[in-house]
2 protein chains.
Amino acid sequence: MEHDIRERLDAFIKKKGLRKTSQRDEIVDIIFANDEHFTPDELFDRLRSAGSRASRATVYRTLSLLSEANLIHEIDLGDGQTTYDPNFIDRPTHNHLVCVDCGKVVEFEDDHLDLLNDCVTRRLGYRPVSQNLRIEAACEKLRNTGGCPDLLQARLNGKRLPNRKK
Amino acid sequence: MEHDIRERLDAFIKKKGLRKTSQRDEIVDIIFANDEHFTPDELFDRLRSAGSRASRATVYRTLSLLSEANLIHEIDLGDGQTTYDPNFIDRPTHNHLVCVDCGKVVEFEDDHLDLLNDCVTRRLGYRPVSQNLRIEAACEKLRNTGGCPDLLQARLNGKRLPNRKK
DNA sequence: CTGATTGCAAATGCTTTGCACGCCA
DNA sequence: TGGCGTGCAAAGCATTTGCAATCAG
């Protein structure tokens, strides 16, 4: 799988007349080492931890490149940060639900939703290109316990919560 | 209607122990003078044109206030700008479709979509709070003419188009 | 009076860019 | 060798904030 991604990147690079570099490889490897969303800054930290010397500028430039190549997607989690999602290769139409209390992100797919979006778009006289749905919601347990179970954990991690201002 | 909005603002201000000011009134008046989306900067320009002396800082502070009061909503049009929408009072669950060619924004409502979002959310074990859907699409005419009919107009207006980098 | 609000300018935070050097093809 | 890619530091931009003055209740 990761191998497949390297191939896709190489193909894109070749098609555009660009060049293969160690920084680009390192960045792709780190991104797809797991399926976590990330901000440019978080990615930069992961790179440093992994021993890569790639600069912030290169991180930003490479993220643009990978977006263009459709290997990652920019997503809007409502927290004012540019966040990237590496999971669109496996699930091209997935959406995101964000817990309003702890900021936990749940990915989900729904064929009915995809179909309905398609219909709505056509009815408006347009041809669908892409859809971006973010649901903000509170977990059921909140009603009983008065707090999202992941809330404390989120605070410890210093996560930015939705609805909080930049 | 506009009168109604002033009342809502006053109620919110009273409830929070805040104060009524001429700047806040001016800003609300300009925002709801039409139903257009706007960025903080565009709003600032409109204020200046209308003779208001409110500062940028006050514009930002008031936009936060109005968001909190639910009189306007921040929306994501995919162009990296913070955009505000004054139309959620009339249509609390509307969504946005953005033309990928000219950036034209179409607002639409769909009960099926709302219902489905609600179902999906509950199935995941959450209680719905809000939904944010943006559809990117190309108008049908594009296939024939090779260009969105509003494209030229958009370029003339210096609009930022979706997919274009900040 | 008292504290909320404003305007200004400085500070912030994220992202992009200019440039000289280095490296891939 | 040509020119794309990189790192660095500086520049850009949108937004926030500290502070003293002002104003509403």
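Side chains are part of it too, since the values below use all heavy atoms of this structure and drop only hydrogens, waters and symmetry mates.
- Distances shown here put every side-chain N or O of B/Tyr60 at or beyond 4.0 Å from the OP1 or OP2 atom of D/dT16.
- Between A/Tyr84 atom OH and C/dC14 atom P there is a gap of 14 Å when expressed in whole angstrom units.
- For the side chain to side chain donor-acceptor pair (under 3.5 Å) with A/Asp85, the qualifying choice from A/His94, A/Arg91, A/His73 is A/His94, the only one to do so.
- Atom CG of A/Asp111 has 12 or fewer neighbouring heavy atoms from other residues, nucleotides or ligands inside a 6.0 Å radius.
- Distance A/Phe44 CZ to D/dT6 C1': 13 Å, rounded to the nearest Å.
- Taking atom CG on A/Asp10 and atom P on C/dA25, their separation rounds to 10 Å, with Å as the unit.
- The shortest side-chain heavy-atom distance between B/Phe88 and B/Ile72 does not fall under the 4.5 Å cut-off.
- Side-chain N or O atoms of B/Asn87 include one that pairs as donor or acceptor with a backbone N or O of B/Asp35 at under 3.5 Å.
- Summarising the geometry, the separation between CG on A/Asp79 and P on C/dC14 is reported as 11 Å, rounded to the nearest angstrom.
- Sorted by first and then second residue, the pairs that involve residues 38-65 of chain A and meet ring-ring contact (aromatic ring centres under 6.0 Å, His included), not counting sequence neighbours, are A/Phe38-A/Tyr84.
- Between B/Leu63 and B/Glu74 there is no side-chain heavy-atom pair separated by less than 4.5 Å.
- Here the C1' atom of nucleotide C/dT12 and the CD atom of A/Gln81 are 14 Å apart, to the nearest Å.
- A donor-acceptor pair under 3.5 Å is formed between the side chain of A/Thr121 and the backbone N or O of A/Asn117.
- Within the helix from C/dC1-D/dG25 to C/dA25-D/dT1, the inter-axis angle between the opening and closing five-pair segments is 40°, rounded to 10°.
- Here A/Thr82 does not reach the OP1 or OP2 of C/dC14: none of its side-chain N or O atoms lies under 4.0 Å away.
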Please write out the pairs of protein N or O atoms and N or O atoms of nucleotides 5-10 of chain C separated by less than 3.5 Å, giving the distance to one decimal.
| from | atom 1 | to | atom 2 | distance (Å) |
| --- | --- | --- | --- | --- |
| C/dT5 | OP1 | B/Arg19 | N | 2.6 |
| C/dT5 | OP1 | B/Arg24 | NH1 | 2.5 |
| C/dT5 | OP1 | B/Arg24 | NH2 | 3.3 |
| C/dT6 | OP1 | B/Thr21 | OG1 | 2.9 |
| C/dT6 | O3' | B/Gln23 | NE2 | 2.9 |
| C/dG7 | OP1 | B/Gln23 | NE2 | 3.3 |
| C/dG7 | OP1 | B/Arg53 | O | 3.4 |
| C/dG7 | OP2 | B/Ser55 | N | 3.0 |
| C/dG7 | OP2 | B/Ser55 | OG | 2.9 |
| C/dG7 | OP2 | B/Thr58 | OG1 | 2.4 |
| C/dG7 | N7 | B/Arg61 | NH2 | 2.7 |

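- Taking OG1 from B/Thr93 and CG from B/Asp110, the interatomic distance works out to 9.0 Å, rounded to the nearest 0.5 Å.
- Across the protein-nucleic acid pair, B/Glu74 atom CD and D/dA14 atom P stand 15 Å apart, rounded to whole Å.
- Taking CD1 of A/Ile30 as the start and CG of A/Leu47 as the end, the distance is 5.5 Å to the nearest 0.5 Å.
- Spacing between atom CD of A/Glu42 and atom C1' of C/dG13 amounts to 15 Å, rounded to whole angstrom units.
- If you take CG of A/Asp25 and C1' of D/dT6, they are 15 Å apart, rounded to a whole angstrom.
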